[in-house]
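Okay, structure first, notes after.
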Amino acid sequence: MEKRVRLRFAPSPTGGLHMGGVRTALFSYLFAKKHGGDFVLRIEDTDQTRYVNGAEEYIINALKWCGIEPNEGVGFGDGPYAPYRQSERKELGIYKKYADQLIASGHAYVAFDTSEELDEMRKRLEAAKVVAPQYNAITRQNMRNALTLPEDEVKKIMDSGAPYVVRLKVPRNEEIRFHDIIRGWVTVNSSQVDDKVLLKSDGMPTYHLAHIVDDIEMKISHAVRGEEWLPSAPSHILIYRYLGLEEDMPKLAHLPLILKPDGNGKLSKRDKSGLPMFPLDWFDERTGEKYVGYKESGFTPDAFINMLALLGWNPGDNREIMSKEELIANFSFERVNKSGAKFDPEKTKWFNQQYLRMQTDEQLADSVMPLLEAKGFKKDKAFVTEFCRLIKEKAHFVTEFYDLGSYFFAAPTSYDEKVMTKKWNENSKTTYSKLTEKLTALDTWTTNSLHDLFAAVEPELGKIDMQVVRVLTTGVAGGAQLFDMLALLGKEEVLTRLNKALASLS
RNA sequence: GGCCCGUUCGUCUAGGGGUUAGGACGCGUCCCUUUCACGGACGAAACACGGGUUCGAUUCCCGUACGGGCUACCA
């Protein structure tokens, strides 16, 4: 019988959740939902030295904003496999049980080497021109562990309460072959695999042991993670095997990395592209560093998710704008790429623009009004709605609306020099003064009436340059549809601005 | 250095033994427009290289180059 589909997202609370992590969560979520399965949030807080306050809460909030909600786990209601924090699970002795089992079956052993001794060993090996110094089948013979020390001495050290770690006993020369849903078969020789620490001297399990134990106990069907984990997968295969759980192990999927837009390398916490790397604003209280979020930059979660989904995956046809439901319906690991994808800031903006345009003017007004109020402009909903209608075609983000149309809220104090130099001449003042008179006499002030008036007035006044009218009333060379803009501004405001402009120009 | 993974327009990608190698972002030109945009049309732009296999390789295999990841009592 096929196992129930259960995927987990298992971040460690060492900082804000990076967009690469969000994508891993997203792919897991999409797959789980597509197959009617579960999506679990597990917190892997086994490294107490790197624990960051607020990180866990951030992760939960970020997932919520993105709409990638687990139905089980920390912050989302405990399911049948609680607790979901590894530090709490450790207290229950869950990991030690498995480590003991491995020791008992001869596949793991305790080691007493101090970090100084380990350093020495690496230095010694480097000096001897060993290319990859590691604790393995050969080097462990010269270290202080249960394999080299006499049994009674091992017992003595253990009884004395001295610190020890538990290491995986990796065979010296054995082919380890495993299957990855995305990459196919991968083969590594065990001589390349080191004797990984399973249980640290503080009693905490390492990631390698903890995630395996939890994936098994939580009945996880598919383990999805970034490509950076591929090199340690052989160790994991061995652990499953020695635990007698190879049949029950989740299917593996190693996602391609998200790369920097320019140059090379993994996308980092900060990028000079100008776009955020985090879903929400993140403040790292340790370093005092602030990172802006997609949310605060004016992105909609749907656009963010859509963009992320297309980074390394595609539905197999030309669709790009897809709702969460469509993503779920179409997702499969078979269509995930093998190669890393460079993050494209321009395309990311385009995605948000597409979602911006799908919103009604009223919806946009609801988002824009608070932003305007923050700038000190309070206008009624009808005004802001019309404002949004006029501005939205030029914007990528709601956060840009004010800057793109600030002239709707304040009269210009200067006039675009390029346009004026080119188009303003000795006759202009007369022409536009007369135009102002005609406008003053206009009773009905609407887009259409303004349009008609401009047309009607030209035989008498000569050519009216629309861009000059624009600059006179807004100060800038580009902007919203002219007659719509004048109509929204209102007769009184437009005349005031025109008279002010004419007074200051010769 | 070693090991592992990868390589189609600048970028994200489709495709797959015989195609005018398709789409999207960005870029350019034109059309629409009494302004600003949207929009529409068109265009420039790619199979890393070398060997095989084959009637035929961008596609399959092997090398090379290049890129990336890993190489902790971190995840």
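Letters A, B, ... are given to chains in the order of the sequence lines, protein chains preceding strands, and every chain is numbered from 1. Being a predicted model, the structure only gives us computed values, none of them experimental. All values below were derived from every heavy atom in this structure, side-chain atoms included, with hydrogens, water molecules and symmetry-related copies excluded.
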When the C1' atoms of B:C62 and B:U71 are considered, how many whole Å apart are they? 27 Å
Using the P atom in both, what is the distance from B:U13 to B:U8, to the nearest Å? 9 Å
Gap in Å between the two P atoms, one belonging to B:G6 and one to B:U64, rounded: 16 Å
Opposite nucleotide pairing with B:C49, Watson-Crick or G-U, both atom distances under 3.5 Å: B:G63
Can you tell me, in whole Å, how much space there is between the P of B:C30 and that of B:C38? 16 Å
Got a salt bridge between A:Asp47 and A:Arg50, using NZ or NE/NH1/NH2 to carboxylate O under 4.0 Å? yes
Identify whether any heavy atom of A:Gln134 sits under 4.0 Å from a base atom; if not, whether one sits that close to sugar-phosphate; answer base, sugar-phosphate or nothing. nothing
Which part of the nucleic acid does A:Arg335 contact within heavy-atom distance under 4.0 Å: base, sugar-phosphate only, or nothing? sugar-phosphate
Sub-6.0 Å ring centroid separation between A:Phe483 and A:Phe454: yes
Looking at A:Arg167, does any N or O in its side chain come under 4.0 Å of the phosphate oxygens OP1/OP2 on B:C73? yes
Is the shortest side-chain N/O distance from A:Lys349 to OP1 or OP2 of B:A24 below 4.0 Å? no
Side-chain N or O of A:Asn318 less than 4.0 angstrom from OP1 or OP2 on B:A24? no
Any chance the side chains of A:Gln86 and A:Asp214 put a donor and an acceptor closer than 3.5 Å? yes
Of all the nucleotides listed (B:A75, B:G68, B:C36), which has the minimum atom distance to the side chain of A:Lys200? B:A75
Is it true that A:Lys266 and A:Glu227 make a salt bridge, defined as a side-chain N closer than 4.0 Å to a carboxylate O? no
Would you indicate, yes or no, if B:A14 has its OP1 or OP2 atom less than 4.0 angstrom from a side-chain nitrogen or oxygen of A:Asn337? yes
Strictly under 6.0 Å, is that where the ring centroids of A:Trp185 and A:Phe178 end up? no
By the 4.0 Å heavy-atom rule, please label A:Arg122 as base, sugar-phosphate, or nothing. sugar-phosphate
Return the nearest nucleotide to the side chain of A:Arg50; candidates are B:A75, B:C36, B:U11. B:A75
Classify the nucleic acid contact of A:Asp47 as base, sugar-phosphate or nothing, counting any heavy atom under 4.0 Å across all strands shown. sugar-phosphate
Figure out the CE/C1' separation between A:Met121 and B:U71, and round it to whole Å. 13 Å
From CH2 of A:Trp350 over to C1' of B:U13, roughly how many Å is that when rounded to an integer? 13 Å
Integer-rounded Å distance: B:A75 P and A:Leu257 CG: 19 Å
Rounded to whole Å, how long is the line connecting atom CG of A:Asn330 with atom P of B:A14? 14 Å
Residue-phosphate contact under 4.0 Å: A:Arg42 side-chain N/O, B:A75 OP1/OP2: no
For A:Phe9, does the six-membered ring have the charged nitrogen or CZ of A:Arg42 within the cation-pi criterion, i.e. under 6.0 angstrom from the centroid and within 45° of the normal? no
Pairwise P distance, B:U11 and B:C73 [rounded to whole Å]: 38 Å
With rounding to the closest Å, how many angstrom separate the P atoms on B:A14 and B:C55? 31 Å
With sugar-phosphate meaning primed atoms plus P, OP1 and OP2, does A:Ala132 contact a base, only sugar-phosphate, or nothing at under 4.0 Å between heavy atoms? base
Ring centroids only, cut at 6.0 angstrom: are A:Phe304 and A:Phe299 within range, meaning strictly under it? no
When all nucleic acid strands are considered with a 4.0 Å heavy-atom cut-off, which category describes A:Ala455: base, sugar-phosphate, or nothing? base
So A:Phe454, base contact, sugar-phosphate only, or nothing? Heavy-atom distance under 4.0 Å. base
A:Ser232 near the nucleic acid: base, sugar-phosphate alone, or nothing, with a heavy-atom cut-off under 4.0 Å? nothing
Using O4'-C1'-N9-C4 for purines and O4'-C1'-N1-C2 for pyrimidines, with syn meaning within 90° of 0, is B:C38 syn or anti? syn
Classify A:Gly312 by what it touches in the nucleic acid, base, sugar-phosphate, or nothing, heavy-atom distance under 4.0 Å. sugar-phosphate
Lys/Arg-Asp/Glu bridge criterion (N-O < 4.0 Å) met for A:Glu126, A:Lys123: no
Check whether any side-chain N or O of A:Lys266 sits under 4.0 Å from OP1 or OP2 of B:C70, and answer yes or no. yes
Please determine, for B:C3, whether a Watson-Crick or G-U wobble partner exists with both distances under 3.5 Å, and give it or none. B:G69
For the base of B:C73, is there a side-chain donor-acceptor partner from A:Ser201 under 3.5 Å away? yes
How many whole angstroms separate atom CD of A:Gln48 from atom P of B:C74? 10 Å
If you draw the axis of the six-membered ring of A:Phe331, does the NZ or CZ of A:Arg335 fall within 45° of it and under 6.0 Å from the ring centre? no
B:U59 to B:A24 separation - P atoms, rounded to the nearest Å: 26 Å
Short heteroatom pairs, N/O only, protein and nucleotides 3-7 of chain B, under 3.5 Å:
from, atom 1, to, atom 2, distance (Å)
B:C3, O4', A:Gln192, OE1, 3.4
B:C5, O2', A:Arg183, NH1, 2.5
B:C5, O2', A:Glu227, OE2, 3.3

How about A:Tyr207 and A:Trp229: are their ring centres within less than 6.0 Å of each other? yes
Compare side-chain N and O positions of A:Thr14 against OP1 and OP2 of B:C74 and report whether any pair is under 4.0 Å apart. no
Base, sugar-phosphate or nothing for A:Ile464? Non-hydrogen atoms, less than 4.0 Å. base
Any donor-acceptor pair under 3.5 Å between the side chain of A:Lys394 and the base of B:C38? no
Using atom P in both nucleotides, what's the gap between B:C12 and B:C47 to the nearest angstrom? 16 Å
